[in-house]
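We name chains A, B, ... by the order of the sequence lines, and we start the count at 1 in each one. Owing to the predicted nature of the structure, the values given are computational and were not obtained by experimental measurement. Values below: all heavy atoms of this structure, side chains included; hydrogens, waters and symmetry mates excluded.
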2 protein chains.
Amino acid sequence: MPRYRLDIEYDGTAYAGWQRQDGPATVQGAIEQAIKGFCGQQVTLRGAGRTDAGVHATGQVAHVDLEKSWRDDTVRDALNAHLQMAREAVSILGARMVPDDFDARFSATGRRYLYRILNRRAPAALGANRVWLVQKSLDADAMQEAAQVLVGRHDFTTFRSQQCQAASPVRTLDRFDVVRNGEFIEIHAAARSFLHNQVRSMVGTIKQVGEGGWTADDVKAALEAKDRAACGVVAPPQGLYLVNVDYPDP
Amino acid sequence: MPRYRLDIEYDGTAYAGWQRQDGPATVQGAIEQAIKGFCGQQVTLRGAGRTDAGVHATGQVAHVDLEKSWRDDTVRDALNAHLQMAREAVSILGARMVPDDFDARFSATGRRYLYRILNRRAPAALGANRVWLVQKSLDADAMQEAAQVLVGRHDFTTFRSQQCQAASPVRTLDRFDVVRNGEFIEIHAAARSFLHNQVRSMVGTIKQVGEGGWTADDVKAALEAKDRAACGVVAPPQGLYLVNVDYPDP
C-alpha cells in the first residue's frame, strides 16, 4: 500500500485538538473523513504531534497508507476539496508518496513551535483566537534572558502536564528565543520532542518574568524543583502554533 | 463638547461594512452602541473611510463629540469593554481628545490600504476570510511593473464602482506597490482619497497581469478608456485592509 506524507495547516479554534475522539470535532477526524470521501477508505492517520484543543499548526505532518496510488497533487487537491465542502478549517499544504519506513511520528527528529503574545491594552479584533493578549507591558529582553535558563538537557517535570504520558520527563530544549516584533512578542521553541503542555508551561513562566514578578533565578529554581507546583501560569492554547516537523534527509 | 479621535481595528467579515444601516450589523453601529453603553449618549460617529462589507481595518480613524470629558485611556478601555461584551470584532486601539476642528474625514490628507493575496494551491486554513486565495502562480514583478502605470493623477472612471458618489473621477494615486512575501503577495496603495471600489478594481486588474493574461499596456489602455467596462475583475473584499489615515501634524 503506497504511503503518503501530508503537510497540514489548521486553525485549532473549533477543534478539540489533533487526536480523534468520539464526539467532538478533531483535526485528525476531519482529515480521516476527507480521505474516506476521496477514496472510500476508513484509515487511521498518524500525526507527528498531538496538539491540544485550540492550538494551531502551519506545519503539522501526518502519514497514511492508501490502497491505490495517486498523483501527489491529486491527493492534495481532492482532500482539500472534501475539507472545504465540510467547511473544515484544515488545509493540506502538500501530499507526497514516501517510502514505507517513513513514520510521521517516529521518524521526526525535531519539532518547532511558535507562541504569539499580543502585548497591548486593546483587545485583538483581527485574529483574537490566534494570540494571547497580555495587556501589561512585557520586558522581552528579560524574557529572553530567562528563557536561556531552560535551554539544554533537563528534567522538565515542572513544565509538564500531570496528564503527560511520556515515560521520562527529561528532554533537550534546543532553542527557546523571545523576539519583540512591534506589538507582538514571538517565542520560538525547538526540541526533538516536547512533553505535554511543555511549551505553554514555559511560555507562561517566562511571561511572569516579562511582567517583572519573576526573575531568571526564579525560573532556574522552578526548573530545579522538578515539581509541577513550581510552574508559573500555563499560557493559553490559542497563541501556540506547531510550525515545523523535521525529518532526516531521505 | 469635547471631541475624541478613535483609532480602530476591525475584522470586517461579519459586518455589512463601516456605515450604519437599518438592520445589518456595521462597524459604525457597533461602536455607536458601545458609546451609548459607556455614557448613555446616542451619537453619530464620523469615520475617515467607508469600508465595504468584508473589508478589514487596522488603522481606521473616527471622531465623536462626548458631552463630558474623560481621560483618554478611560474612553478606550470602556469602549473596548462594551465591544467585548457585545462580542464585536472591533477594537479601539486608542482614544484621545482632539481640537474641535479635527474632522476624521475632512482633515485626512491620505489613506493607505494593504491588499493581501495568498498565492498557493492549498486553501487558507488560518485566516481564510482575510486573504484572496489565487491558486495560479502570479508574477509579482510583472504586477509591480503594471501597477506603476496607474500611479499619478488620472481619471479613474475605469476603476470606480458605478455606485460611486464622488463628484469627480480624478484622483492622484501616490503609491501602488506589489511585493512578494513568501506565499503572500502584498499590495500597498496610498492616495489622498480613493473612489469607491478603486483599490479592489486596480488589484483585480493587475492580478490579471500576474497571471499572464494582461500586459502593462493592457492596463494603460484600460485606464485610458475611462470606461468601467474596461476594468478587469474586481478583487474580493476579504483581502483588503485600511491600514492608516494620515493627518497634518497638529
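Side-chain atoms of A:Y4 and A:R96 form no donor-acceptor pair, as typed in the model, at a separation below 3.5 Å. Looking at B:Q60 and B:D7, their side chains never bring a donor and an acceptor atom within 3.5 Å of each other. If you check the side chains of A:E88 and A:Y10, you find no donor sitting under 3.5 Å from an acceptor.
In this structure, the portions of A:A89 lying under 4.5 Å from any heavy atom of chain B include both its backbone and its side chain. Residue A:E9 touches chain B through both its backbone and its side chain, counting heavy-atom pairs closer than 4.5 Å. Residue A:N129: no heavy atom, backbone or side chain, is found under 4.5 Å from chain B. Contacts between B:I92 and chain A at a heavy-atom distance below 4.5 Å involve the backbone alone (N, CA, C, O). Residue contact with chain A, scored on non-hydrogen atoms closer than 4.5 Å, is absent for B:D73. Interface residue A:L126: backbone and side-chain heavy atoms are both found under 4.5 Å from chain B.
Taking the six-membered ring wherever Trp is involved, the centroid distance between the rings of A:F38 and A:H82 does not fall below 6.0 Å.
Between A:L6 and A:R76, the closest side-chain pair of non-hydrogen atoms is not below 4.5 Å.
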